[in-house]
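Have a look at the structure below, then the notes.
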Number of protein chains: 2
Amino acid sequence: MNSSRPVTIKDIAKRFRCSPSTVSRALNDHPAINEDTRKNIQEYAREVGYQRNEVSLSLLNKKTATLGVVVPNISNYYETAVIEGLHNVLQPMGYTLNICVTNESYILEKEYLSKLLSNRAEGIFLSVSQETYDSGYYEHLEQVIQRKTPLIFIDREYEDFETSRATVDDYHGAFAAVEHLINMGYKQIAHLKGPNGLTVSEQRFNGYKDCLIKNGMPVRDELIINTNFKVESAILPTKRLLEMDTPPDAIFGVNDQVAIGAMRVVKDKGLRIPQDIGLVGFDNSPISAYTFPSLTTVSRPGRKIGMEASRLFLSQLNASGDFSHESIVLPSELIIRESSLRI
Amino acid sequence: MNSSRPVTIKDIAKRFRCSPSTVSRALNDHPAINEDTRKNIQEYAREVGYQRNEVSLSLLNKKTATLGVVVPNISNYYETAVIEGLHNVLQPMGYTLNICVTNESYILEKEYLSKLLSNRAEGIFLSVSQETYDSGYYEHLEQVIQRKTPLIFIDREYEDFETSRATVDDYHGAFAAVEHLINMGYKQIAHLKGPNGLTVSEQRFNGYKDCLIKNGMPVRDELIINTNFKVESAILPTKRLLEMDTPPDAIFGVNDQVAIGAMRVVKDKGLRIPQDIGLVGFDNSPISAYTFPSLTTVSRPGRKIGMEASRLFLSQLNASGDFSHESIVLPSELIIRESSLRI
DNA sequence: ATATCCAATGCAAACGTTTGAAAAAATTTA
DNA sequence: TAAATTTTTTCAAACGTTTGCATTGGATAT
């Protein structure tokens, strides 16, 4: 008849014919408890596998030690690196991360935020979904603000939303990548762009465009084709590029996946990298160093972003009433490898 | 002075000079509430951004609708696919997934399990860490069992632990991969093995070994070298293999990452794939189809594993007292691509 | 005018824990 | 032995919500 109901402090109290308070104090090593009582109770508690019900404590203390991490997906290297960074700082402080994957859906994002608030998460790290961008709705964020729950944007962001944010300098990373291609003598640089509307996509695109302009090179619309960040989404666009009358002699991919997809198509065509076609990606994913040829790319400090975001959260938490939000932009770094190194 | 304390039912009750019960019923559309009262209360609640405190409800109902997912890491394609599968089934049912990354650490795994139990998670999906394997300790799992919290193993497992589990048939996948290499005429097949002790590593290794034996081929110890699953860990081992007096003519990597690392080294050596060296990976990661040459691999149904694990959880939940644990083994599938297709 | 009935609301307990203050018990002091 | 002191334990409230049961007040029927 030993039901699966977890042992409570009351159960133990009954067993020892004492009050719950005594048990609670005994378990917490309160000084005003008789040594014997304490030992007996602790021993018994261990024996029966007592485990403090944190739910009741959360209710009592209004502290859940839970943080929400809301991201569009976790299948990319960068996202997992960010989570690792958050984790490294916050886990040792006793926080539990509640990772929510929106799958780029607005509705899921909204649901998750509601749920996190209902569950009294003490802070939320958010990388907004594609759909949220597209729709432009952000009432679901207002609830978070209204409830004064610290909200930290990671990576993607609403430009005009007043919160803290930790992002990577995509613009200058892209700029440096394209400038490098120009320095290598490439003349017609194509861009496999990310989905429209996303800050990440647009920032990188802007870096690409501005770099061309600054260097007196034309921005050819037909050399800019959209992808969805995934490797297979680069295949057709790259084919199209290579079949043009005046095809590009270099391709800047919005991320490594896309660049690797392009690499495959280029090689299938029998073109040589970097001699015939230069190639640059973005992210410095682990595999980029081991493709053949290895891929020039721009590294994003994902772990650092996570750690900085944690810092922002903590400072907001400790802040008294008036708190000015911070925007942290970490630099990205060009990593030159074989795919663009034309001698 | 508007403190950030969330609005409670009591606050609303005070505002309307009624009892909390009335507010609760009004918000939950209880029929015995006056229509006007209901409307007024609901409107006011929306206005002030009332949000039900789920913590208190959890305490009251002893239901948290929270499930723990404890995995060594989330940076691989497979793991995220599993999580996606779990998510797809369980999120719509109202469950929140609490994803915990142990980073292959025993201590973290133990801490997370304790925490999940303390937070009254209603079920736990576990892929045990490397350290847990190595140490052989599993008292931390006993607590879970003792508390009768459904525990489902995903992917990795203790062979002799009585729970439900959903795993992939790594053995036959590896067997098929090696048999394919043999059919292609490769004679000296090396194996870049995963870390010792992990079921995944050992199953694949066994598949490799048994296939060689069954085909009357020698198992040469010097052709079996350990890696840690990561791309860079394949570099030195592969170099060593290729510098041997009688080097292998094929390499079976424990996963795609390792195979891709090997691919790089082989190409650097000026050897041709698949003519000089055949190559097979494991996982069917998105990129494996787009390497050059594309990588023959074994696909693991990660999403399906997640969905099956969910099913196991649900059936255990609905089971009355006596419940016999299920072991589900999903087949893996050989995907033949260019890297092994010698004509 | 009184009994009957129904609609609407309030009361109180419960979930598991902590904690300040009060009470009880044990010990020391005079 | 009584008073004073110290040690140990209990009481009660609190956290926010739900819910069975009791209560209220008004309307209807007799």
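So you know, we letter chains A, B, ... as the sequences are listed, proteins then strands, and number each from 1. For clarity, every value in this text was computed on a predicted model and none was experimentally measured.
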Between [X] and [N], is there a side-chain N or O to OP1/OP2 distance below 4.0 Å?
{"X": "Lys62(A)", "N": "dG16(D)", "answer": "yes"}
{"X": "Ser19(A)", "N": "dT9(D)", "answer": "no"}
{"X": "Asn28(A)", "N": "dT18(C)", "answer": "yes"}
{"X": "Lys10(A)", "N": "dC15(C)", "answer": "yes"}
{"X": "Ser24(B)", "N": "dT18(D)", "answer": "yes"}

Using a heavy-atom cut-off of 4.0 Å across all strands, would you classify [X] as base, sugar-phosphate, or nothing?
{"X": "Arg17(B)", "value": "sugar-phosphate"}
{"X": "Thr8(A)", "value": "sugar-phosphate"}
{"X": "Thr22(A)", "value": "base"}
{"X": "Arg52(B)", "value": "sugar-phosphate"}

Q) Strictly by modelled atom types, are Ser105(A) and Thr102(A) linked by a side-chain donor-acceptor pair under 3.5 Å? A)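 No pair is found: no donor N or O on one side chain lies under 3.5 Å from an acceptor on the other.
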
Q) For Asp29(B) and Gln42(B), does a side-chain donor sit closer than 3.5 Å to a side-chain acceptor? A)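 Short answer, yes.
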
Describe, in one word, how the ring planes of [X] and [Y] are oriented to each other, choosing from parallel (under 30°), tilted (30 to 60°) and perpendicular (over 60°).
{"X": "Tyr95(B)", "Y": "Phe313(B)", "answer": "perpendicular"}
{"X": "Tyr112(A)", "Y": "His87(B)", "answer": "tilted"}
{"X": "Tyr106(B)", "Y": "Tyr137(B)", "answer": "tilted"}

Between [atom2] on [N] and [atom1] on [X], what's the gap in Å once rounded to a whole number?
{"X": "Ile33(B)", "N": "dT19(D)", "atom1": "CD1", "atom2": "P", "value": "13 Å"}
{"X": "Leu27(A)", "N": "dT19(C)", "atom1": "CG", "atom2": "P", "value": "13 Å"}
{"X": "Lys63(B)", "N": "dT19(D)", "atom1": "NZ", "atom2": "P", "value": "12 Å"}
{"X": "Lys14(B)", "N": "dG16(D)", "atom1": "NZ", "atom2": "C1'", "value": "13 Å"}
{"X": "Asn119(B)", "N": "dT17(C)", "atom1": "CG", "atom2": "P", "value": "13 Å"}
{"X": "Ile9(A)", "N": "dT10(D)", "atom1": "CD1", "atom2": "C1'", "value": "14 Å"}
{"X": "Asp11(A)", "N": "dC15(C)", "atom1": "CG", "atom2": "C1'", "value": "13 Å"}
{"X": "Glu35(B)", "N": "dA7(C)", "atom1": "CD", "atom2": "P", "value": "14 Å"}

Q: For DNA chain D, determine which residues of residues 53-61 of chain B have any heavy atom closer than 4.0 angstrom to one of its atoms, and list them numerically.
A: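 Contacting residues: Asn53(B), Ser56(B), Leu57(B), Leu60(B).
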
**Q.** Residue-level proximity of residues 36-50 of chain A to DNA chain D when a heavy atom falls under 4.0 Å
**A.**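 Going residue by residue through residues 36-50 of chain A, the ones with a heavy atom under 4.0 Å of DNA chain D turn out to be Thr37(A).
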
Q | Difference in axis direction between the ends of the helix from dA1(C)-dT30(D) to dA30(C)-dT1(D), five pairs, 10° | A |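 Rounded to the nearest 10 degrees, the bend comes out at 70°.
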
Q: Can you see which heavy atom on Thr64(B) is nearest to which on Ala121(B), and at what distance?
A: OG1-CA, 4.1 Å

Q) Nearest 0.5 Å, what's the CG-OG1 distance between Leu117(B) and Thr149(B)? A)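 With rounding to 0.5 Å, CG (Leu117(B)) is 5.0 Å from OG1 (Thr149(B)).
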
Q. Would you say the side chain of Arg52(B) lies within less than 4.5 Å of the side chain of Asn28(B), judging by non-hydrogen atoms?
A.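 They are in contact (side-chain heavy atoms under 4.5 Å apart), so the answer is yes.
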
Q.
Quick one, Asn53(A) and Pro6(A) - any side-chain contact, counting heavy atoms below 4.5 Å?
A.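 Counting from C-beta outward, Asn53(A) and Pro6(A) never come under 4.5 Å.
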
Q.
Checking Arg46(B) against Glu43(B) for the salt bridge (Lys or Arg N to Asp or Glu O under 4.0 Å) test, could you report, in this order, the C-alpha distance in whole Å, the side-chain angles of both residues, the deciding distance, and whether it holds?
A. CA-CA 5 Å; Arg46(B) 192 167 329 108; Glu43(B) 189 179 345; over 6 Å; no

(Q) Can you tell me whether the side chain of Arg5(A) and the base of dG16(C) have a donor-acceptor pair closer than 3.5 Å? (A)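 In this structure, the two groups form no donor-acceptor pair.
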
(Q) With hydrogens left out and only the distance checked, is there a donor-acceptor pair under 3.5 Å joining Arg25(B)'s side chain and the base of dG10(C)? (A) yes

(Q) Before you tell me yes or no, could you show the steps for Glu104(B) and Asn73(B) under side-chain contact (heavy atoms from CB on, under 4.5 Å), namely the whole-Å CA-CA distance, both residues' side-chain angles and the distance that decides it to 0.1 Å? (A) CA-CA 7 Å; Glu104(B) 307 285 6; Asn73(B) 67 66; 4.0 Å; yes

Q: Look at the side chain of Asp11(A) and the backbone N and O of Thr8(A), then say whether any donor-acceptor pair between them is shorter than 3.5 Å.
A: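 Present.
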
Q. More than 12 heavy atoms of other residues, nucleotides or ligands under 6.0 Å from NZ of Lys115(B): is that the case?
A.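 Yes - once you tally the heavy atoms of other residues, nucleotides and ligands closer than 6.0 Å, there are more than 12.
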
